[in-house]
Each structure stands twice: as C-alpha cells, then as structure tokens.
Amino acid sequence: MRTSKLYAPTLRQTPAEAEVPSHQLMLRAGFIRKVAGGVYTYLPLAWRTLRKIEQIIREEIEAKDGQELALPIVQPAELWKETGRWAVFGEEMFRLVDRHNREFCLGPTHEEIITDLVRNEVRSYKQLPLLLYQIQNKYRDEIRPRFGLMRGREFIMKDGYSFDKDEAGLDKSYKDMYEAYSKIFSRCGLTFRPVEADGGAIGNATTHEFTVLAETGESDIVYCEKCDYAANAEKSELKVIVAPEEEALPLEKVHTPNAKTIEEVATFLDTPIEKTVKAVIFQNEKEQVICALVRGDHEVNDVKLQNITGAISLTMAEDSAISKVGGVAGFMSPIGLNKDVIVVADATVMEMHNAVCGANEQDYHYKNANPKRDFGDVIVADIRLIAEGDPCPHCGAPVKMTHGIEVGQVFKLGTKYSEALGATFLDENGKEKPLIMGCYGIGVSRTMAAAIEQFHDENGIIWPVAIAPFEVVIVPINAKDEAQMQIAEKLYADMKNAGIDVLLDDRKDRAGVKFKDADLIGYPVRITVSPKLLDENEVEIKVRKDGATSTVKVNICAETVKEMLKTL
RNA sequence: CGGGGCAUGGCUCAGUUUGGUAGAGCACCUGGCUUGGGACCAGGGGGUCGCAGGUUCGAAUCCUGCUGCUCCGACCA
C-alpha cells in the first residue's frame, strides 16, 4: 500500500468531542469517524487492525475446535419472550417493528438465537461437546455512550457458546476458552489480567473478566500482591468485622442541626466514623424502597445488593419514595420506618455497638443504637464494597486497587437458556437432559481502543506489532528525488516479498509531515530513506516504541527488519 | 433519567454581553519555491452562524420551543 492512495485523513488538532486518549487518537490518526452518538465508521487503518485482532481470535478459538458461523442481527421478539429477556433488557435493546407489526430487535447478544439453533438439531450426547462462535456487530442502546469505541451503541463482538453434556464437560470448555483468551490477549501484545467477576442474575455462576489495565478503565479491579487473587471490585467478598464488645446503652435521640453527611454527623457528635451507620436508599424496578445499611466509612456495593434483593434494576430513591416509607433524606435509619421498606444491613453493621444512626426526623440522629436490639427484622448480608487496604479474601494481606477495561468475559451459563428454551439431548442412558452451556465474549472494537489506552505517548499511538495496521512504513525524505524513490521502491518490494506488512509513504510532502503522521498513526517501525545515507547505500531504522534508531545496508534491510519485528 | 456545558466553512476557535448584513489559524485548489520533524510567497474556492417560530427597519447576536453533541452520576463487551 502507498500512502498517496490510503484513505487516512489525519487531523492536526484534537476534536473537541473526544476526552480519552484512544478516542482522540483514533479520530486524529484517521481510524474512525463518528456518524451518531456511539456509532462510528471504521476507516481503512482501523479495519486493518480490527481484522488482525479478529484473525488472532479465530486462530485461537479454532485451536480449541470452535467453529465460526454467522447468526442474524435482526432477531424476532418471540425468542426473547421465551427466556423473559425481552423485558429484562428493557431500554437497552434496539427494537423495531416490521410492516406486519411484528416485533424484532437488533441483537445485543445471541444466547437465544444460538440455543434455538441447537435445540432443533442436537439430539444426542454423541453430538457434544459443541463450540460455536461468530464475530459481528452487536447493538445496545446504551444510556450514555462515551469514550469513543470504549462504549459504543454499535460495536464488534466475538461471541462464542459451548454446549456440553455434563458439568465436567462445561469445566473443560470453560478452561479451554480461558486459555484461548489468555493467548489471544497475549498475542495482541496487551497487559491484561483475568479477574473474578460477578455472576449477576445467574446466581453463583463462575465467570471471569479479562481486563486490560489502563488508567481510563471503567472497571475497578482489586488485586493482591501476596497471592494471585484478582477480582472485579463489585464481586469481591468481604469478611465481617466484629466490633469489640460493649455494654449496650439506652437509645438516645440527639439534635444534630445541619449535619446531613456522615462526616458532618461524626464530627458534630465527636464520634469515630467507624461507630456510625450510613443508610443508602435505593428503589427497584417495582418502586419498592430498599434501605441499605453499611458502616459510616464503608460504601454500598450495589451489585451485591441487587443480587440479594433480586432486583432487576436499582436506582437511587427519590425523596417522594423515601417519605412514603416514613424516612427523611439525610437522617435515615431503619428505626421507625414503616413495613413497606426492605432493609438490608451489611453483616459488619450488625456487629456494631452503641452506634450513631439517623432518627428519620429532620436534624435528629440516634446515639447508642445497637443494631441487633434496635433494627428489628432486617436482611443481613455482605453488601459492602471493597476498598484499597481491605484484607484479601484469600490470604488476608491488604489489597490494592486499579482500573481496567473489560475486553472479554467467560461465563458458565449452565442450563439457564437451555431450560427456558427446551434445548435438550438424550444422554448415554436415553434420558433427556438440558444442554449445559457456557458463553464467551470479546469486545473486538473495544480491544482496539484498549490497546491504544495502554500504548500511546504525546506523539500518538504505539501499536503492538501483531495488531498494527501496518508493521513498517518507508519514508523517503524527498519523494521527488529519483534516487531516494528507487531505494524506497526496492525496499518496499523486498519487504513485501519477505512477508512484511509494509506501507510506502510516497507523498510529495515535506519530511516533517510524514514523520508526524507516522508517529501519530503509530507504525512500530519506520524506515527513513535519506540523502545523507545514500552514498553509503544505507537507510535508517527507527523503532516507534523507544525511539531507537540504527542504520542498515539497503540489501539486508528487509531481513533485518523481519527479525526485529519478532522481538518488538 | 437527573445535573452542567456546547452548537459559527472539513478541523480548532473568535464574534453574542452592548443587534447593523461573518472572521482568524489550520486544511483545500492554482502557480512559484522548498525537502531530516506539521515551510514560505502570491492568487483563489468554500459558511441561509444546529432547526423552527417570534421581536425588530434590520438577528450569529434578543425571546420561545425543539434537536444534536459532550461532560459528571446509576448499566455493560
């Protein structure tokens, strides 16, 4: 490919709409253009990178006997109604109606479709295990698309599904995919970490997220440096902290004017924050009010809370809902609320003595609240969010926290979809059983963005070789100079013959322009054909990653670069 | 959905407070000159100022409504 023919319009200035590096750089370097909120065109450079990522995925999944197929994007509502997810997905699903008024959606994921396919064809355990996958656009009408390709409404996803006859088979399929994913992200050159994640609505399902470590990541990751524990913060379990025994004092109502936040209350009453109880009020999709109690210095883990209450969605409660259950925002506690409220207390709260909590009355709190005595009937559970320094759930050492971008997830589904859709097979004994399923996703377009988040500098992108749009760019300082162009053309031909993915920047622009573009787009290696080195029959090699330069004779340049690419 | 901000040529923005008929830099076209880090000179093209109403002799500017984008909070690959 020659740059003069390449459609890669670069921008000198950063478009105002972009906030994070990957978004800014993909716009500037001519990788993407926005068409609508969360919807982008992939230009040739982006498409080359995406195809390279996809190819790596294909090779690794097929090494585990996965087979690629293509499921439809347009999907009938009936299948989704069979599993109940037509309602569950809610606003996030792009829905459409055809001329006969039949309902469809644009696929946000494909469990329904794939299970429907398999239930009609798989009859016997002899046909198992089965691993099917596809790579295509997915559609989710996100509340708030942002960060360019990191959270789009249309995005490219690899989704795979395994079908097994028993748990042991599922364990094997899961392990296979876990290994394949580790290889995929390693081959893409990414620094990543598989972390334990929350199984969500499917109870205690086993699931791992593959997370690329990056500042701008939206996931909070906790990890332990002592052992190999790593988990999504919302998943991590916490031990109960038992406060030292104290004699229970009588409950006392105290005036606390203008003290609404827990810090203000603690300061006002001169009480350590560890002896206060914080109430956070949510409401679920049925508008039931849920009062979550944690120690004053702790935070509520809303994912855990959602699982425990079985809520489909949880939002912060409105003031009207709070007053309906007899509470006053800012002065909440379970003491004195009516029966319409669901109270969930963190296990640590129940072990506290003589604590401070709200009095459900403007400007009043209680002192000496003893949860076991005073809080009445409450659900006790682990609903606290882990924080830096909390003990590691495995070994007890203080945990660290970091941010990550979730690029993949492996999930043991079990029989959730096969039971809902009646996908069964006959086992060795002729007995009908539901298929045991697993599902495995990779955000392909997000992986591209994550790579940029992880590898860039003030001059532009720094692609890992494996997923760079081109591995090498040849830059003749002056494309109007015949001697230079002759060398450049020779190198271009040599490298193509050597199987190098090479681009020739034959534009008649000044050298500075071509250098700036090369850095911005981030080709791993740049070859400069310079009049200075012409007499020696040499050219310069520059590595994008560390800026190292060296010179090499023209006749061995291609093989030198070929070797060099293996080590970058 | 709640809360901020923005909308003027392809891009970045000025002009809006105090109405008077649209401007800069970059990009683009032509010619010249130039080639190791986003050159220079000369000439040129391109905008019904997001949309719809209204006020006014006159609206990018004032008023009303809408739309789109974007950032901060609850979802997800």
Side-chain angles (χ1 to χ4, degrees), chain A residues 9-20 23 27-28 30 33-39 88-92 108-109 135 137-159 181 197-198 200 207 209-212 217-219 232 234 280 282-284 300 302-303 305-306 311-318 404-411 439-450 459-460 475-481 484 507-520 526 528-533 540 542 547 549:
Chain A
T10 56
L11 269 30
R12 292 204 179 194
Q13 277 136 327
T14 302
E17 69 190 47
E19 193 74 9
V20 298
H23 190 195
L27 287 169
R28 277 196 63 203
R33 288 293 181 262
K34 185 173 69 181
V35 176
V39 179
V88 172
F89 251 92
E91 301 277 275
E92 210 170 296
T109 178
I135 299 174
N137 279 344
K138 291 285 184 284
Y139 297 84
R140 294 185 192 174
D141 194 359
E142 294 284 346
I143 303 168
R144 186 180 160 208
R146 67 179 135 176
F147 300 154
L149 296 192
M150 298 255 275
R151 178 176 301 280
R153 295 196 295 170
E154 177 183 85
F155 58 97
I156 302 173
M157 180 168 158
K158 188 277 328 190
D159 51 321
Y181 275 35
D198 178 71
T207 174
E209 291 170 355
F210 283 75
T211 304
V212 169
E218 292 184 271
S219 305
N232 191 313
E234 62 195 22
V280 186
F282 296 88
Q283 60 188 38
N284 66 13
V300 175
D302 50 358
V303 172
L305 185 64
Q306 191 169 345
I312 292 169
S313 75
L314 276 185
T315 52
M316 297 300 285
E318 289 156 22
I405 301 162
E406 185 190 341
V407 290
Q409 183 164 27
V410 290
F411 205 119
C439 70
Y440 315 93
I442 291 179
V444 178
S445 42
R446 183 185 278 184
T447 298
M448 174 166 72
N459 295 315
V475 180
I477 293 288
N478 183 354
K480 289 178 186 164
D481 182 296
Q484 288 177 43
R507 291 177 297 172
K508 310 266 189 286
D509 294 274
R510 294 168 64 87
V513 174
K514 294 193 271 195
F515 290 159
K516 286 287 183 191
D517 273 353
D519 288 347
L520 177 61
R526 186 184 88 197
T528 311
V529 180
S530 161
K532 289 193 299 198
L533 298 169
E540 178 189 272
K542 180 165 186 175
T549 59

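Within every chain, numbering begins at 1; the chains are lettered A, B, ... in the order of the sequence lines, protein sequences first and strands thereafter.
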Item checked: Interatomic distance where CD belongs to A/E209 and P belongs to B/C75 [whole Å] ->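 After rounding, the gap between these two atoms is 13 Å.
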Checklist line | Rounded distance in Å - CD (A/E142) to P (B/A77) | finding: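 Going from CD in A/E142 over to P in B/A77 covers 9 Å.
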Respond yes when some side-chain nitrogen or oxygen of [X] is under 4.0 Å from OP1 or OP2 of [N], and no when none is.
| X | N | value |
| --- | --- | --- |
| A/Q13 | B/C26 | no |
| A/K34 | B/U70 | yes |
| A/R507 | B/G38 | no |

Which part of the nucleic acid does [X] contact within heavy-atom distance under 4.0 Å: base, sugar-phosphate only, or nothing?
| X | result |
| --- | --- |
| A/D517 | base |
| A/I442 | nothing |
| A/R28 | base |
| A/T14 | sugar-phosphate |
| A/A18 | nothing |
| A/D481 | nothing |
| A/V513 | base |
| A/G152 | base |

Kindly point out which of [options] is positioned nearest to the side chain of [X]?
| X | options | result |
| --- | --- | --- |
| A/F515 | B/A74, B/C71, B/G37 | B/G37 |
| A/E19 | B/C76, B/G38, B/C71 | B/C71 |
| A/R446 | B/G36, B/G38, B/C76 | B/C76 |
| A/A16 | B/G37, B/C13, B/A77 | B/C13 |
| A/E540 | B/G36, B/U12, B/C75 | B/G36 |
| A/R510 | B/A39, B/C76, B/G38 | B/A39 |
| A/D302 | B/C71, B/G36, B/C75 | B/C75 |
| A/K542 | B/G37, B/U70, B/G36 | B/G37 |
| A/R12 | B/C75, B/G37, B/A27 | B/A27 |
| A/K480 | B/G36, B/U34, B/U70 | B/U34 |

Taking atom [atom1] in both [N] and [M], what distance in whole Å separates the two?
| N | M | atom1 | answer |
| --- | --- | --- | --- |
| B/A24 | B/G45 | P | 13 Å |
| B/A14 | B/C75 | P | 36 Å |
| B/A52 | B/G44 | C1' | 36 Å |

Check: Within 45° of the six-membered ring axis of A/F155 and under 6.0 Å from that ring's centre, is NZ or CZ of A/R140 located there?
Finding: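 Judged by the rule (NZ or CZ under 6.0 Å from the ring centre, within 45° of its axis), A/R140 is not positioned above A/F155.
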Check: Donor-acceptor pair under 3.5 Å: do we get one between A/R151's side chain and the base of B/C76?
Finding: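 Such a pair exists between side chain and base.
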